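One structure is given here, and the rest of the page talks about it.
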Amino acid sequence: MHITILGDIEGVCGISSWEQTGGGGPLYEEGRRLYTAEVNAAVRGCLEARAHEVVAMDGHGGGYPGGRAFMNWIPDQLEGGAEYVRGYRWGCYTESMAQDLTDRANAFPDGAGEDRYEARAVALLGAHSMAGTPDGVLNHTINADGWHGVTVNGQVIGEVGLLAATAGAFGVPVIFISGDQAACDELRAAVGPGLTTVAVKRGLGRYASRHMAPSDACAAIQTGLATAIGGFPGAWPKPVVIDGPVTIEVELASPDRAEALASQPNVELSGARTVRAHGDAFLEAWGRIWRPV
Ligand SMILES: [Zn+2]
């Protein structure tokens, strides 16, 4: 079983201000510690459920003097037994990550247990809700200043939905989410009741929350993810597959931002502040707006 943990920081327990999510100040160091503790808890949950391979990707841009984006975890505090991806752009869950990387023929010569061995799933950690969610802590979609919202085939979608659709394009389900209550609710609406959710806090507006003690949140994440993985195969939700053709529209904050995005191939202006991309399938349309590095 191969579990990919896609992490973000805004939905981590104890986080409620941008100062905790980047910049190199003392509050950012506090945020990094909390985020690192939660990814460690998620890894322990995977190992407890006997996942064969665990890869955690830091999906929070953030950044600090001397560091690049997506480098928030404190490396020497990371849990053993997993691999970690840092400095790699958000949302670029690729073909190689969806593949079984190990030699299954040697592991299961008679095929016994092969289904479980080959199974793949995604867990979202520290997730936040889409831009404009009233009770969503630090809610935003992709870019808190520059992007006002995204629709896919006319339906509004946030980062958790985009990640679920990206994994779904590879046939991989999202089985677990932790974050604030609004993010959990948002993804459950897209994935269905089979999704395991661990809400570590409830938004009291964009910059305030009522949250668990971080140690309690870590325990809930570990237990929740282990239980979700253990539900294989019957209790796992289906992958989120968006039928083509697909039109993705992004509402930007200002016309100059729209013009910059529309200068990319196959992206057109659809209004003064909106751009639109089309594709036969989700990844094709999304890739026109959001390109892997
Ligand atoms: Zn983030």
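Small disclaimer: the values here were computed from a predicted structure and weren't measured. Counting convention: from 1, in listed order, for ligands and their atoms alike. Side chains are part of it too, since the values below use all heavy atoms of this structure and drop only hydrogens, waters and symmetry mates.
Atom CZ of R202 is surrounded by 12 or fewer heavy atoms from other residues, nucleotides or ligands within 6.0 Å.
Annotation: side chain to side chain contact (heavy atoms under 4.5 Å, CB included) contacts of A277 (sequence neighbours excluded): V267, R288, I289. Residues satisfying the side chain to side chain donor-acceptor pair (under 3.5 Å) criterion with D256, sequence neighbours excluded, are S254.
For the residue pair H60 / D8, a side-chain donor-acceptor distance below 3.5 Å is found, with atom types taken as modelled.
For D8, the N, O or S atom with the smallest separation from the Zn ion (ligand 1) is OD1. When the Zn ion (ligand 1) is compared with the N/O/S atoms of E10, atom OE1 turns out nearest.
Residue contacts to the Zn ion (ligand 1): H60 brings an N, O or S atom closer than 2.8 Å.
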